[in-house]
Amino acid sequence: MDKWRQINRMAFHLAARLLPSYRHCRLGNKLKNSFAKKAFSHVGKAVNWGKNVLISADFRIGDYSGVGDGARIPKGVTIGNDVMIGRDLKIFTKNHRSDRTDIPMRLQGFTEISPIVIGNDVWIGDNVIISTGCCQIGEGSILAAGAVVTKDVEPYCVVGGNPAKVIRYRNK
């Protein structure tokens with residue numbers, strides 16, 4: 001079973017590389033979805049895939065969500081329903097170790113994977129970076145374009161900047 005999952009993951013990435021985004025080719029998006037459903041832990045109904053999307057193995061995405069062109073989503077990410085993700089999202093779930101000073105950082109390995117959960121009805125703008133300090137993006141929140149998110153985001157708030165700070169809260 002794992003071998004077929006790897007083959008489907010490679011087919012998904014090839015389709016994501018060669019086929020246009022969902023805005024330009026509905027048939028290509030259906031093809032990406034058929035590979036994605038067999039390749040990842042959970043893929044919901046009617047997910048829209050951009051072009052050049054790169055996704056790691058342990059990944060979950062809910063119904064009616066969309067992933068923009070060039071998004072990089074690593075292992076350990078869960079995305080809720082109705083999530084809109086802009087172009088060039090980068091998520092980091094692990095980092096280089098740097099605890100010791102007696103050996104070079106490149107020889108210290110990596111931190112453990114820190115899972116990230118993105119709630120339902122979230123809008124993530126273009127060129128957003130979500131770093132390892134963040135574990136939860138709250139339901140109904142908005143991450144402004146270019147934001148660098150270094151800690152958890154509360155539900156129904158708008159954040160932006162580097163590092164991302166609360167700009168305002170949405171009316172519930």
Side-chain angles (χ1 to χ4, degrees), residues 9 12-13 15-17 19-23 29 32 36 39-44 47-99 104-170:
R9 193 167 27 256
F12 170 80
H13 286 119
R17 184 87 172 151
L19 297 173
S21 68
Y22 57 90
R23 289 182 293 273
N29 195 63
K32 291 177 201 176
F40 304 116
S41 300
H42 174 77
V43 175
V47 174
N48 288 322
W49 301 101
K51 187 169 178 149
N52 296 326
V53 172
L54 185 62
I55 298 173
S56 294
D58 185 21
F59 168 76
R60 302 176 63 79
I61 188 166
D63 300 337
Y64 308 107
S65 293
V67 179
D69 296 347
R72 302 291 183 256
I73 302 174
K75 191 175 192 176
V77 175
T78 300
I79 298 172
N81 299 324
D82 301 303
V83 175
M84 300 180 294
I85 297 175
R87 293 173 171 244
D88 298 317
L89 167 71
K90 290 179 181 54
I91 299 177
F92 299 95
T93 56
K94 65 180 180 178
N95 208 342
H96 291 278
R97 289 198 182 280
S98 59
D99 305 338
M105 288 181 276
R106 68 179 178 82
L107 299 175
Q108 293 184 41
F110 291 94
T111 60
E112 290 183 29
I113 290 177
S114 173
I116 295 176
V117 176
I118 299 173
N120 297 328
D121 190 30
V122 171
W123 178 12
I124 300 175
D126 290 354
N127 297 307
V128 169
I129 297 172
I130 301 174
S131 71
T132 54
C134 176
C135 296
Q136 182 86 28
I137 305 292
E139 181 174 341
S141 59
I142 299 172
L143 282 57
V148 178
V149 181
T150 59
K151 57 186 179 182
D152 291 357
V153 176
E154 297 176 44
Y156 300 102
C157 77
V158 179
V159 299
N162 179 7
K165 294 185 178 4
V166 174
I167 296 171
R168 67 180 178 89
Y169 289 89
R170 295 179 59 210

Can you list everything that forms a side chain to side chain contact (heavy atoms under 4.5 Å, CB included) with [X]? Sequence neighbours excluded, please.
X	result
Ser141	Val122, Ile137, Leu143, Val153
Arg17	Asn52
Thr150	Ser131, Val148, Pro163
Asp63	Lys45, Asn81

**Report entry** Check ion pair Asp126-Arg87 (N to O, under 4.0 angstrom)
**Finding:** no

Has the side chain of [X] got a donor or acceptor atom that lies under 3.5 Å from a matching backbone atom of [Y]?
X	Y	value
Ser56	Pro74	no
Lys32	Gly50	yes
His13	Leu54	no

Between [atom1] on residue [X] and [atom2] on residue [Y], distance to nearest 0.5 Å:
X	Y	atom1	atom2	value
Thr93	Ile113	OG1	CD1	5.0 Å
Lys94	Thr111	NZ	OG1	8.0 Å
Arg72	Ile129	CZ	CD1	13.0 Å
Lys90	Ile73	NZ	CD1	11.5 Å
Met84	Ile124	CE	CD1	10.0 Å

Query raised in the report: Among pairs that include at least one residue of residues 105-130, which meet ring-ring contact (aromatic ring centres under 6.0 Å, His included), considering only residues two or more places apart or in two chains?
Result: His96-Phe110

Report summary line: ring-ring contact (aromatic ring centres under 6.0 Å, His included) pairs touching residues 124-147, sequence neighbours excluded, are none

**Report entry** Any pair counted as salt bridge (charged side-chain N to carboxylate O under 4.0 Å, His left out), so long as it reaches residues 129-158, sequence neighbours left out
**Finding:** none

How close do [X] and [Y] get, heavy atom to heavy atom, and via which atoms?
X	Y	value
Arg170	Asp121	NH1-OD2, 4.1 Å
Ile116	Phe92	CD1-O, 3.8 Å
Gly160	Ala147	CA-CB, 4.0 Å
Ser65	Val83	OG-N, 3.1 Å
Asp88	Asn127	CB-OD1, 3.3 Å
Trp49	Asn29	N-OD1, 2.8 Å

Requested in this report: Using a cut-off of 6.0 Å, state whether more than 12 heavy atoms not belonging to Glu112 lie near its atom CD.
Outcome: no

**Report entry** With sequence neighbours excluded, residues passing salt bridge (charged side-chain N to carboxylate O under 4.0 Å, His left out) with Arg97
**Finding:** Asp99

Query raised in the report: Who pairs with Asp58 by side-chain hydrogen bond (donor to acceptor under 3.5 Å, both in side chains), at least two apart in sequence or on another chain?
Result: Ser41

Query raised in the report: So among Leu89, Ile91, Ile85, which one has a side-chain contact (heavy atoms from CB on, under 4.5 Å) with Val128?
Result: Leu89

Query - With Phe59 via ring pair (Phe, Tyr, Trp, His ring centres under 6.0 Å) - residues at least two apart - result: Phe40

